[in-house]
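Report on one structure; see the data block that follows.
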2 protein chains.
Amino acid sequence: MSDPTKPKMSASKAEILDAAAEVFMTLGAEAASIDDVARHLGATKGRIYHHFPSKGALLAEVCLRAADFVLQKVPPVVQATALPADNLRNMILTHIPEVLRTLPYHKVIIQSYVGVQQKSTTAHERELFAQIQLERKAYESLFRQVLQAGMDDGSFRAQDVSVALQSLLLLINAPVFWYRPRDNEPEAFVTDLSVQLADMAVASLQ
Amino acid sequence: MSDPTKPKMSASKAEILDAAAEVFMTLGAEAASIDDVARHLGATKGRIYHHFPSKGALLAEVCLRAADFVLQKVPPVVQATALPADNLRNMILTHIPEVLRTLPYHKVIIQSYVGVQQKSTTAHERELFAQIQLERKAYESLFRQVLQAGMDDGSFRAQDVSVALQSLLLLINAPVFWYRPRDNEPEAFVTDLSVQLADMAVASLQ
DNA sequence: TTGACAGCATACTCAGTAGTATGTTTGCCT
DNA sequence: AGGCAAACATACTACTGAGTATGCTGTCAA
């Protein structure tokens with residue numbers, strides 16, 4: 001999918017992205033300042049601007065990484081010979097734990113989901129956001145194909161595919177909105193949660 | 001529910017709230033400035049600060065109005081004698097058109113849903129946000145009761161109520177994320193959409 | 001040893017923004 | 001008429017925050 005987009009990111013850059021994701025999640029991407037991120041790193045602005053040309057680019061790379069996380073895990077579990085409902089279940093059972101494992105990143109990308117359009121973007125930032133759009137479309141079409149296959153063979157009820165797709169995608173991302181890791185959390189909590197949501201999702205389509 | 005909170009808002013104040021909702025929706029609540037809102041009104045800051053003590057209070061009142069819209073329409077359609085599934089269907093069929101009718105307001109309140117916590121809030125702002133929290137809880141418990149009733153009489157499958165509730169609420173608000181009013185939109189589009197989502201929601205619980 | 005460059009920190013600039021202080025107009029009551 | 005608020009506009013202030021210019025330090029190759 002993206003061979004040239006994996007130029008083995010440096011550890012320092014990854015550390016910055018982790019901090020940015022957490023700070024952007026907590027304060028909001030627009031409200032948070034570069035100094036906030038630097039302070040959370042125990043560093044200063046200089047470190048961040050050495051690796052990223054602008055705040056918009058930093059935000060974009062956080063979102064890009066969020067998309068990459070699920071794109072590396074979910075597509076492999078799809079099997080051409082399997083039943084659509086089974087494929088969908090496996091996709092969801094993979095998607096949700098991976099999303100909750102990298103929660104800050106997805107809380108940030110969901111903020112942009114609301115439709116907030118950047119103000120003054122450079123050409124480089126627009127390029128990054130275009131790539132995010134591409135990866136998001138690729139991920140959506142993965143679910144769209146399974147949905148369509150299920151409607152074709154009658155295992156899913158016939159309905160507007162786009163509406164069903166958007167609703168499904170939001171349903172499986174619902175935990176991003178309310179989930180908060182607890183220290184005394186049962187071992188199998190995330191697994192149980194994933195199963196419950198997979199059940200709901202499949203049932204909503206039948 | 002809130003008799004003292006309806007001191008018949010002036011038309012000018014409502015106009016400011018409408019403009020603020022649109023600008024906050026487009027640019028993001030934090031990134032948008034008071035001057036942006038004023039410019040969209042064809043006015044200046046003075047007008048806004050005459051009606052609202054601060055930007056945070058303006059944002060809070062936008063969110064409060066968003067909650068009020070659905071709280072005035074949905075609760076009346078609930079009937080104690082009706083079947084839970086029928087009650088839920090009617091609630092969704094009322095919720096979605098009302099939300100899409102007042103879309104900018106709900107796009108703003110969803111931004112705060114992502115968990116963005118305000119930085120420095122005055123006592124007055126905290127009071128407003130507390131009231132929003134109350135109305136949101138009241139609205140949620142409306143759905144929770146219907147959910148619980150359905151599980152009690154066996155018409156809904158037994159499962160974790162909180163998870164099901166949060167998922168349901170996000171499902172019926174899904175159009176807020178992607179809906180965009182079209183000029184050549186079919187007459188019954190919103191109605192059809194509401195029916196489809198109501199079907200999905202009820203099916204996901206059975 | 002010495003350059004030379006990556007990887008930061010420090011110390012600025014400057015545009016934008018929340019908030020205030022103070023005019024100015026318009027209706028309205030008497 | 002006249003006065004008196006409400007409902008704004010104008011013109012500030014003070015400050016935050018993105019971006020830059022430059023300085024410092026280790027490392028590594030020649």
Side-chain angles (χ1 to χ4, degrees), chain A residues 7-20 22-24 26-63 108 111-112 116-126 128-129, chain B residues 7-20 23-24 26-63 108 111 116-126 128-129:
Chain A
K8 43 198 172 300
M9 175 166 39
S10 80
S12 177
K13 196 170 175 180
E15 197 182 359
I16 294 177
L17 284 177
D18 283 347
E22 262 190 51
V23 173
F24 287 170
T26 311
L27 267 52
E30 297 295 334
S33 72
I34 296 289
D35 288 309
D36 287 332
V37 178
R39 213 170 304 136
H40 190 266
L41 273 169
T44 65
K45 272 216 275 250
R47 179 173 173 190
I48 297 178
Y49 275 101
H50 178 74
H51 290 276
F52 300 91
S54 69
K55 182 186 176 183
L58 175 60
L59 173 61
E61 290 216 35
V62 169
C63 294
V108 172
Q111 293 176 18
S112 75
V116 185
Q117 53 184 351
Q118 305 306 108
K119 272 188 166 176
S120 63
T121 55
T122 72
H124 175 241
E125 293 177 16
R126 263 184 299 256
L128 286 175
F129 280 114
Chain B
K8 42 197 170 302
M9 176 167 37
S10 79
S12 176
K13 197 171 177 179
E15 197 182 359
I16 294 176
L17 284 177
D18 284 346
V23 173
F24 287 169
T26 311
L27 267 51
E30 296 295 333
S33 71
I34 296 287
D35 287 309
D36 286 331
V37 178
R39 213 171 303 136
H40 190 264
L41 274 168
T44 65
K45 273 216 275 251
R47 180 172 172 190
I48 297 178
Y49 275 101
H50 178 74
H51 290 275
F52 301 91
S54 69
K55 183 187 175 183
L58 175 61
L59 172 60
E61 290 217 33
V62 168
C63 294
V108 173
Q111 293 176 18
V116 186
Q117 52 184 354
Q118 304 307 109
K119 272 187 167 175
S120 63
T121 54
T122 72
H124 176 241
E125 292 176 17
R126 265 185 298 256
L128 286 176
F129 281 113

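Proteins get letters first, then strands, A, B, ... in listed order; numbering begins at 1 in each.
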Which of these nucleotides, C:dG7, D:dA9, D:dA7, is closest to any side-chain atom of B:His50?
D:dA7
Divergence of helical axes at both termini of the helix from C:dT1-D:dA30 to C:dT30-D:dA1 - five pairs an end, 10° steps:
0°
Interatomic distance where CD1 belongs to A:Ile48 and C1' belongs to D:dT20 [whole Å]
15 Å
Would you tell me if any nitrogen or oxygen in the side chain of B:Thr44 comes within less than 4.0 Å of OP1 or OP2 on D:dC8?
no
Criterion side chain to side chain contact (heavy atoms under 4.5 Å, CB included) on A:His50 and A:Ser12, from CA distance to verdict
CA-CA 11 Å; A:His50 178 74; A:Ser12 177; over 6 Å; no
Judged by nearest nucleotide, the residue sitting upstream toward the 5' end of DNA chain D, A:Pro53 or A:Arg39, is A:Arg39
Atom pair distance, as rounded to whole Å: NZ in A:Lys55 and C1' in D:dT16
12 Å
Between D:dC8, C:dT20, D:dA18, which nucleotide has the shortest distance from any of its atoms to the side chain of B:Tyr49?
C:dT20
For atom CD of B:Glu15 and atom P of D:dC8, their distance in whole Å
9 Å
Could you tell me how far apart A:Ile34 (CD1) and D:dT20 (C1') are, to the nearest whole angstrom?
14 Å
A:Lys45 atom NZ is separated from C:dA9 atom P, nearest whole Å, by 13 Å
For the residue pair A:Ile16 and A:Val37, what are the closest heavy atoms and their distance?
O-CG1, 4.5 Å
CG-CD1 distance between B:Asp35 and B:Ile48, expressed to the nearest 0.5 angstrom:
8.0 Å
CA sep, side-chain torsions, deciding dist, call: B:Asp36, B:Thr26, side chain to side chain contact (heavy atoms under 4.5 Å, CB included):
CA-CA 11 Å; B:Asp36 286 331; B:Thr26 311; over 6 Å; no
Write down the distance between CD (A:Glu30) and P (D:dG17), rounded to a whole number of angstrom.
13 Å
In whole Å, I'd like the distance from the CD atom of B:Glu125 to the C1' atom of C:dA18.
11 Å
Using the side-chain heavy atoms of B:His51, tell me which of these nucleotides is nearest: D:dT20, D:dC8, C:dG19.
D:dC8
Is A:Ser54 close enough to D:dA18 that one of its side-chain N or O atoms is under 4.0 Å from OP1 or OP2 there?
no
Candidate pair A:Arg47 and A:Glu15, rule side chain to side chain contact (heavy atoms under 4.5 Å, CB included), full reasoning:
CA-CA 11 Å; A:Arg47 179 173 173 190; A:Glu15 197 182 359; 2.9 Å; yes
For the pair made of NZ in A:Lys13 and P in C:dA6, what is the distance, rounded to whole Å?
14 Å
May I ask you to decide if B:Phe24's main-chain N or O and B:Gln111's side chain share a donor-acceptor pair within less than 3.5 Å?
yes
A:Ser10 and A:His51: side chain to side chain contact (heavy atoms under 4.5 Å, CB included), yes or no, with the steps?
CA-CA 10 Å; A:Ser10 80; A:His51 290 276; 4.2 Å; yes
